[in-house]
Amino acid sequence: MIKMSTKNDIQNLEEKRKSRLNELLHISSMIRGSYKKSYCRCGKPTCWCSKDKESKGHPSHRISWTKASISKTKAIPKEDVAWIKKMTSNYRKYRNIRTKLRKLNNELNVLFDNLEEEVIKRTEKLKEYF
Ligand SMILES: [Zn+2]
């Protein structure tokens, strides 16, 4: 007998996979990297940042990412902070969905192997010579 559970499991996973794929395809804009607010002192002796020891200096909005194992960072305009946060969040979401899809694909492959064995075993039972 073919275990109904294997077929059901395959169909359930395929449904999950389909909905994950939909989520993935709906992400139409993203930026690789992460937003970070950092502070620096400009170095001018007359500037407030050199006098105010409590402060960490001038705030700077930055995006950081890694390309070919090299860390990169770039300053971004303040008005783009919300946009950058959204775009980098989309990127993280995209990567998370890809991880989930990979896991589902692996699980599906195991089930396909199981189903193959089950169907062959059942078919072999139809003949004496197996
Ligand atoms: Zn300064």
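No experiment lies behind these values; they were computed from the predicted model shown. Counting starts at 1 for both ligands and their atoms, in listed order.
A donor and an acceptor atom, one from each side chain of R62 and T73, are located under 3.5 Å apart. Between the side chains of Y35 and H61, at least one donor-acceptor pair of N or O atoms lies under 3.5 Å.
A continuous path of hydrophobic side-chain contacts links V119 to I10 [ILVMFWY only; heavy atoms under 4.5 Å].
For the pair K56 (side chain) and K53 (backbone), a donor-acceptor distance under 3.5 Å is absent. Proximity of a side-chain donor or acceptor of D80 to a complementary backbone N or O of W83 within less than 3.5 Å is not detected.
Taking 4.0 Å as the cut-off between side-chain N and carboxylate O, E118 and R122 do not count as a salt-bridged pair.
For the Zn ion (ligand 1), protein N, O or S atoms closer than 2.8 Å were enumerated as C42 SG, C47 SG, C49 SG, H58 NE2, with waters left out.
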